Number of protein chains: 2
Amino acid sequence: MTDPAGPRATPTPPTSAAVARRAGVSRATVSYVLNGQAAGRVGERAQARVRAAAEELGYVPHAAARSLRAGRGSIVLLAAPADTVPVFGPLLTRFLAGFQTALHALGYTGVLHGAPAASPLAAARAWAELRPAAVLTLHGPPLDEPAVALLRRAGTAAVLTHGPVAPPGAHTLLLDQREAGLRAGAHLLAGGRRRIGVVLPAEPGLAAYAEPRLAGVRAAAAAHPDAEVRPLDLALTEESAARLAAAWPRLNLDAVFAYNDEYAMLLMRALQDAGHTIGVRSPGEVAVVGADDLLLGRLLRPRLTSVRAEITPPERIAGLVDELVRSPGTPPATHRLGTFRVAARDSG
Amino acid sequence: MTDPAGPRATPTPPTSAAVARRAGVSRATVSYVLNGQAAGRVGERAQARVRAAAEELGYVPHAAARSLRAGRGSIVLLAAPADTVPVFGPLLTRFLAGFQTALHALGYTGVLHGAPAASPLAAARAWAELRPAAVLTLHGPPLDEPAVALLRRAGTAAVLTHGPVAPPGAHTLLLDQREAGLRAGAHLLAGGRRRIGVVLPAEPGLAAYAEPRLAGVRAAAAAHPDAEVRPLDLALTEESAARLAAAWPRLNLDAVFAYNDEYAMLLMRALQDAGHTIGVRSPGEVAVVGADDLLLGRLLRPRLTSVRAEITPPERIAGLVDELVRSPGTPPATHRLGTFRVAARDSG
DNA sequence: CGCTACCACTGACACGTGTAACGTCGCTCG
DNA sequence: CGAGCGACGTTACACGTGTCAGTGGTAGCG
């Protein structure tokens, strides 16, 4: 373990004891000063000396030691199985940035960890090792019961998971995917469409989203006795889209709600290439509605109609997390993560 | 701090001492067994008892205590200023997923942290608190000298930062953006184009990439005395693209290399809407080359030509990190993160 | 002058873990 | 029979931090 090659390979980070020695005070005094507990306990001069010493040595407190002592850590873990990370859309990444900033302001360290998806329990173990103050999932398969139990047992004060309903002990972050389908379906039905295809992505991580969206469309269609809803499988490749477009005449549909703007654009282009017309002006056209309202959806012609999630401001969620961490007895509840709205354009 | 509302709010996580009590052995024995150091020290029966007890209690080691004892932590920090996180493209997120999995296999915990961008030094402080085994940046403004010094002083064994050249003490991860420009420029020149516009994104975080790409195009043009290269500003909005398209005739260009497929598509659509033709078949057409080779680039017509980065497999980078962590004396060097290649399609 | 109150600090402990050093058996060999 | 020796465990310390309980010393007050 001792490496003769390294000259002074790891020059031992400065500790609070080093700061104390340099400032000529005790270690306790250093701690009080650097944590703002010095009022009425430590004189001005001593405080100044401590601060100067800390600055000169480049002292940075050791988070591990601190959270060991404090009993609870200060890190907030945004957990995501590794294979779902690539799926992160611009919406989520934008939220993520704001969230981490907000957490920082509250004294936490927000961190994103994509564990290997092999076993969800193994992932939870890896997360539990960090003894995070809170764990949230926004994406991918939600935490299951054993995972939540493990985390709770490891002292995690707040566990929040997305999905329709969280296992016992965990709070629910609700971005009701059903609502997305409901809005899209209602929009298409109001436009006179009755035979609606719903694109289900073939990518495995996304089924958890696609199912409730499909259910939402079905719920919207229930109000119209003559409406018909049919699921369609589509992978994110040109070949897959071409296959679906080739089969289109047999399907006898007049509208599609795609899982995503990307899927929508892919399919729309394939339909156009197969000779179909996209839009809602005449009954012969195919109406297409996507989701996420990507900028690129406006580049195709006609412009893509899209269901957009309006996410709760990240500061609000950060505040919620803080609250839950500080009063860990709070009974689990459901918290809205956002709502959906249709951005109507030309395609549907 | 004591919360009367919480019944048994935090049921104190099980420690190795609890496992030891339950198994009827000492704490040291537990440690040996659970870390695989039991060969020849602990009998089979005792090992079995320890493992069973750990399982029953749901014991998970406390990473903070462990890294406190070990001196160095096991977390590998992927650092990114918060405002650059939304810019993560599919390439990087895909890399990220594989990287975290590979790190996990090597015994590290890979974690992504977007610190508030306010002060780069403050961000480095936040990172240093975690005493990570390694810190890398792939994106955004690279680490500067004080940040690297702070991290090194905090005991971080390996600091790797992207960008043309790393500050002293840090390794360089090279994804040579100049090369992207070089390839795109060479491709356009080989296709007969001579007056090349280069799109510089108005978004602030991206200047660090855009500059060297521009330089690369200039370098490619240097071989042709009659070639001309002109920078163009463009924001990622339809209005900005329309403005640029309106000014197009005055610019007298016959090709564009855009920062990104997104920028490329945006501009391409705006040019088309302004009556220009995209392609390379006739001299009157405008050749467009993007970057990143997004699937969506193939949906527009003509299909978008693109410069694609071929990123080093994440396992390789993870192995490199492990190597550097284990022999911290290694003098800083430059490591290739990938190379660029042109995916030629119809637009340029 | 005695008592209290306050100030400016310090000593010491606990948090959970890994591991080097140190027993304690039971057995074998000289 | 004692010494030596594996096999099997344990005792004890260190890591860096936060904070409770003191501890002198000085000043205020009756």
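Keep in mind it's a predicted model, so treat the numbers as computed, not measured. Every chain is numbered from 1 and lettered A, B, ... according to where its sequence line falls, protein lines coming before strand lines.
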Any residue of residues 47-61 of chain A with a heavy atom less than 4.0 Å from an atom of DNA chain D: Tyr59(A), Pro61(A)
Separation of [X] atom [atom1] from [N] atom [atom2], in whole Å?
X	N	atom1	atom2	value
Leu68(B)	dA14(C)	CG	C1'	12 Å
Arg66(B)	dG18(C)	CZ	C1'	9 Å
Arg41(B)	dA20(C)	CZ	P	8 Å
Leu34(B)	dG18(C)	CG	P	8 Å

Leu150(B) vs Arg125(B), side-chain contact (heavy atoms from CB on, under 4.5 Å): CA-CA, chis, key distance, verdict: CA-CA 7 Å; Leu150(B) 182 61; Arg125(B) 266 185 67 90; 3.6 Å; yes
Between [atom1] on residue [X] and [atom2] on residue [Y], distance to nearest 0.5 Å:
X	Y	atom1	atom2	value
His335(A)	Ile317(A)	NE2	CD1	8.5 Å
Leu112(A)	Gln100(A)	CG	CD	7.0 Å
Ser74(A)	Leu103(A)	OG	CG	10.5 Å
Leu337(B)	Arg316(B)	CG	CZ	11.0 Å

No-hydrogen, no-angle side-chain donor-acceptor test under 3.5 Å, Gln37(A) and Arg41(A): no
Qualifying residue for side chain to side chain contact (heavy atoms under 4.5 Å, CB included) with Leu320(B), from Thr312(B), Val325(B), Leu160(B): Leu160(B)
Full working for side-chain contact (heavy atoms from CB on, under 4.5 Å) between Val30(B) and Val33(B): CA-CA 5 Å; Val30(B) 171; Val33(B) 171; 5.9 Å; no
Chain A footprint on DNA chain D, 5' to 3' - any atom under 4.0 Å from a heavy atom: dG16(D) to dC20(D)
DNA chain C contacts among residues 25-33 of chain B, heavy-atom distance under 4.0 Å: Arg27(B), Ala28(B), Ser31(B), Tyr32(B)
Nearest atoms (heavy-atom pairs only) where Ala170(B) meets Thr161(B): CB-CG2, 4.4 Å
Heavy atoms of other groups near Glu56(B) CD, more than 12 under 6.0 Å: yes
Residue mapping more 5' on DNA chain D - nearest nucleotide basis, Glu44(B) or Ala65(B): Glu44(B)
Touch class at under 4.0 angstrom, heavy-atom based, for Ala64(B) against every strand present: nothing
Sugar-phosphate only, base, or nothing, as touched by Ala70(B) at under 4.0 Å among non-hydrogen atoms: nothing
Worked verdict on Ile311(A) versus Leu175(A) for side-chain contact (heavy atoms from CB on, under 4.5 Å): CA-CA 8 Å; Ile311(A) 306 264; Leu175(A) 184 59; 4.1 Å; yes
